[in-house]
Amino acid sequence: MPSSRLIALLDLDCFYAQCESVRLDIPSHLPVAVFQWSGAIAVNYPARAAGIKRFMKLEDMKKVASDIVAIHVEVETLSSAFIEEAGDEDVRKSKYKKQYSLTCEEKALAFSRENGHFPSRTSAQANIERYRYVSGLIFSRLRIFLDEVVGQGGYKLEKASIDELYVDLTEYVNKSRESTPPPLTGKVVIIGGDKNWTDDAQCLMAANLVSRLREDIKTTLGYTLSAGLAINKTMAKLAAGRGKPDGLAVLPRSSEAMKVALETTSVLEVRGYGGKGGKIVCENVLKFRGYNGPWEGDEYEEECKKLSMKMCGDCPADVLGSKHDWRLMNNGEEGEEVQHTKPGAPTKSITTFKSFVGDKESCHRKDDVKSKLGAWIEMMVKSLVRRVLDDSKRNNRWCKTLCVYFCNDVKAVKSKSTKFPGKSAQGKEESVTKFFIKTLEESTVWPIIRVGVSADNFFPLGAGLGIFLSKENEAGVTKPTDFKTTKVAKVVEKSTLFATVPPKSLAGICWNCKACTYENEADAKVCEICKTSRSVEDDEEYAKRLQKQFNDEEAEGVAIGVGVGVGEKRKAKKAKTVKDFFGS
DNA sequence: CATTATGACGCT
DNA sequence: AGCGTCAT
C-alpha cells in the first residue's frame, strides 16, 4: 500500500446558518438564510434545495420558498456599541455563551423577534463574533477528541478558516495497531466507487476516525460537518465537496480512484484556480488541445469548465503557461505541508470593514471624512482595539502594524500603514482614530464607499522563555528581570526585538546566551550582545531546551498561522506534471 | 452581472 | 510598504 500521507479536511456545513439553527432551535427541515444587509451570506441545505443561493435577496427567496427563515447577523449600532469594557474577554465569552443557551421560551421569543427583521445598515456594522465563538468551541472540542482517541502528537491540525480545518492522520495510521476498526457510521461516499478500498487498512482506519469525530461533534455540540479524506490537502478539500452535506467522502489511495477523481474534477473547482490564474491555465490547455475559440462567452466558459484536472496534468509543463501560471498549477496539485496550529489558532491579522451604499452616506471629499465617517471610524477603532486586547489576553501577543483601507471601488483597495500603538500606550483608540482620519483625508480616491482597519504583524509577549524589547518599542512588555538593563540597552541600538525562541531556520545552529537570552551564531565564543563568554552549561542547557521545544511543538503545535497558500517549503519541491506527482 | 466582511498570501 | 489575487 502507498506510503503517502492521509489528510482529512473538515468543513462545517453552512456554518453561520447552522449556528443560527442551534441558537434559535430552528426545525431542521426549514430553509434558513443568514443575511448581511440585503443579501444572504449563508444558506442551509433545505434552502439550497429550493434554489436559494448566496447573495440572494429575501424577496427572491420567498418566491421559491415561502417558509424561508431569514436571520440577520448580529450588528453593533452606532448608538449602543461596545458597552463592555475593552479587553474584558470573559464578559463577551459569557455573552455569547448565553446567546446559545436560551430557554425554549427565550428561543421562541428571539426567533419571532429576529426572523425577517433586518437592522438598518446606515446605523450599524455587521459583527460575526457570534460565529467566531462557536468556531472556537468546535475547534477546542475537536482537539479534545483527537487528543483522547489519537493521542497528543499523533496528529497535526491546521485551521484553514473559521469553519474549516485540515487534520493530518499519517502518523496515527502508521503507528496504530488497531486490527479491525469498527464499521463506518453516517454517510460515506467513496470516490470512484472502488469496492476494494477497504483493503487499505490505514485509509479505513483514518476514515473510521473521521466518522467518529463527526459523530462526536454532532452529539456534544450539535453541529454537522462534512469531511474529505485523501492523500493531500488539495484532494481532501475536493473530496469534502463530494461528502456534503453531513457526510464523509474518501478518495481511496489507488491509481484507479485517483484517475476517476482527476477526470471528474474541473480544474476550476480546485482551490486557487477559481480566478484569473485558473483562466490562464484553461486558455493555454485549450490551445494545446487544439481549441480555436471563441475565447469569450458562454461557449468558452463551458469549454473551460470541461477541462478536468487530468487534462491539465496531461499537458507538458511549458504548455501550462508562464512560470508564474505553472507555479500556481503545481502548488494546487501538490497540496501543501501541514502546519501546526492550536485550537482557536491565532489569526495573522484582525480586520474590521464597513461599506456604504447610496449617495447619502458616501464620503465625497476631504471635508466629508469627519462629518460623515467620524462616528463609523470611532466605532471601528473601538471594535478593533477591543479585539486586539482580547486576542492579547488569549494569545499573549501584541501587534506591530496598523493598516487603514479605503476605496471607491470594491475591487481596488487603497491602504496605508503605520505603527500600532503599544499595549500599554495611553490613548490607543485616539491615536488609531487620528491616523484613520488623516489617511482618509489624504485620499486621492473619491467617493470613499468602503473603509477598513486592521492590526497585524503579531509578536509574542514574553511567552515561555521570554523576549526583550527596545526602549523605542511601545509594546509595553514588562521587562524580564533576569537580565541586566545595561545589556538590554546595548541591544536597543541594534534591533527592536529579539525572541529567545529561535526561528526554525536557526534551530540547532545557534547558541543561547544565559545572561541575556540572545541567540548567537553557532561559532561565536562570546555573546554578541552582552559579551558573556560561552560556557559548557550554555551548550547543554540550550540543547535540552531545543529538544523540549521540539517535543512541545510536536505535542501542542506552536506555530502561529494557518497557511492556506503558497509556502516556502513547497517552492523547493517541484512536480513536473500532475502525473509525476500522483504517480499514476 | 455584482453584492459583504474577513481572512491568507504573492509580487514588487 | 502598498497593491493584487483568491476564498467564502
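In the text below, chain A, chain B and the rest are named by the order of the sequence lines, each starting its count at 1.
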Trainee: Are K276(A) and dC6(C) close enough that a side-chain N or O sits under 4.0 Å from OP1 or OP2?
Mentor: no

Trainee: If the cut-off is 4.0 Å, is K354(A) near the phosphate of dT4(B), judged by side-chain N/O to OP1 or OP2?
Mentor: no

Trainee: K416(A) side chain N/O closer than 4.0 Å to the phosphate oxygens (OP1, OP2) of dG2(C)?
Mentor: yes

Trainee: Please state how far atom NZ in K53(A) lies from atom C1' in dT3(B), giving the value in whole angstrom units.
Mentor: 15 Å

Trainee: When the distance from CG of N457(A) to C1' of dA8(B) is rounded to whole Å, what number comes out?
Mentor: 14 Å

Trainee: Could you tell me which residues satisfy side-chain hydrogen bond (donor to acceptor under 3.5 Å, both in side chains) with N44(A), sequence neighbours excluded, listed by chain and number?
Mentor: none

Trainee: Specify the separation, in whole Å, of atom CD1 of I350(A) and atom P of dA8(B).
Mentor: 10 Å

Trainee: Quick one: list whatever passes salt bridge (charged side-chain N to carboxylate O under 4.0 Å, His left out) with E303(A), sequence neighbours left out.
Mentor: K306(A)

Trainee: Under the rule for ring pair (Phe, Tyr, Trp, His ring centres under 6.0 Å), what residues qualify as partners of F353(A), not counting sequence neighbours?
Mentor: Y405(A)

Trainee: Please pick, from dT4(B), dG7(B), dT8(C), the nucleotide with the shortest atom-to-atom distance to any side-chain atom of S355(A).
Mentor: dT4(B)

Trainee: Counting only side-chain heavy atoms from C-beta out, which of dT6(B), dC9(B), dT8(C) sits nearest to R54(A)?
Mentor: dT8(C)

Trainee: Looking at every strand, decide which applies to T352(A) at a 4.0 Å heavy-atom threshold: base, sugar-phosphate, or nothing.
Mentor: sugar-phosphate

Trainee: For K57(A) and for S349(A), locate the closest nucleotide of DNA chain B by heavy-atom distance; then report the residue assigned to the nucleotide nearer the 5' terminus.
Mentor: K57(A)

Trainee: Tell me, please, which residues at least two apart from E283(A) pass side-chain hydrogen bond (donor to acceptor under 3.5 Å, both in side chains).
Mentor: none

Trainee: Assess the pair F35(A) and H72(A): is the distance between their ring centroids shorter than 6.0 Å?
Mentor: no

Trainee: Separation of D60(A) atom CG from dT3(B) atom P, in whole Å?
Mentor: 17 Å

Trainee: As a test of reading the structure: which of dT6(B), dA1(C), dA5(B) is closest to the side chain of R387(A), going by heavy atoms?
Mentor: dT6(B)

Trainee: Over how many whole Å does the gap from D163(A) atom CG to dA7(C) atom P extend?
Mentor: 15 Å

Trainee: Quick check on contacts: within residues 37-47 of chain A, what sits under 4.0 Å from DNA chain B by heavy-atom distance?
Mentor: W37(A), I41(A)

Trainee: Closest to the Q36(A) side chain: dC3(C), dT4(B), dT8(C)?
Mentor: dT4(B)

Trainee: Go through the structure and list residues passing side-chain hydrogen bond (donor to acceptor under 3.5 Å, both in side chains) with S349(A), not counting sequence neighbours.
Mentor: none

Trainee: By nearest atom, which of the nucleotides dG2(C), dA7(C), dT6(B) is closest to the R450(A) side chain?
Mentor: dT6(B)

Trainee: Determine the contact category for K279(A): base if any of its heavy atoms lies under 4.0 Å from a base atom, sugar-phosphate if only primed atoms, P, OP1 or OP2 are that close, otherwise nothing.
Mentor: nothing

Trainee: Could you give the NE2-to-P distance, from H72(A) to dT4(B), as a whole number of Å?
Mentor: 12 Å

Trainee: Can you tell me how far P of dA1(C) sits from CD of E442(A), to the nearest Å?
Mentor: 16 Å

Trainee: Return no unless some side-chain N or O of S417(A) is found under 4.0 Å from OP1 or OP2 of dG2(C).
Mentor: yes

Trainee: Less than 4.0 angstrom between a side-chain N/O of S161(A) and OP1 or OP2 of dG7(B), yes or no?
Mentor: no

Trainee: Please state how far atom OH in Y405(A) lies from atom C1' in dT6(B), giving the value in whole angstrom units.
Mentor: 10 Å

Trainee: When you get a sec, tell me which of dT6(B), dT8(C), dT4(B) is the closest nucleotide to the side chain of K237(A)?
Mentor: dT8(C)

Trainee: Are Y133(A) and R130(A) close enough that a side-chain donor and a side-chain acceptor fall under 3.5 Å?
Mentor: no

Trainee: For Y131(A) and Q18(A), what are the C-alpha separation, side-chain angles and deciding distance, and is it a side-chain hydrogen bond (donor to acceptor under 3.5 Å, both in side chains)?
Mentor: CA-CA 10 Å; Y131(A) 311 124; Q18(A) 265 207 89; over 6 Å; no

Trainee: By nearest nucleotide on DNA chain B, pick out whichever of R132(A) and F55(A) is the more 5' one.
Mentor: F55(A)

Trainee: Hey, does the Lys NZ or Arg CZ of K159(A) hover above the aromatic six-ring of F139(A), less than 6.0 Å from the centre and inside 45° of the axis?
Mentor: yes

Trainee: Indicate, with a heavy-atom threshold strictly under 4.0 Å, whether I162(A) touches base, sugar-phosphate, or nothing.
Mentor: nothing

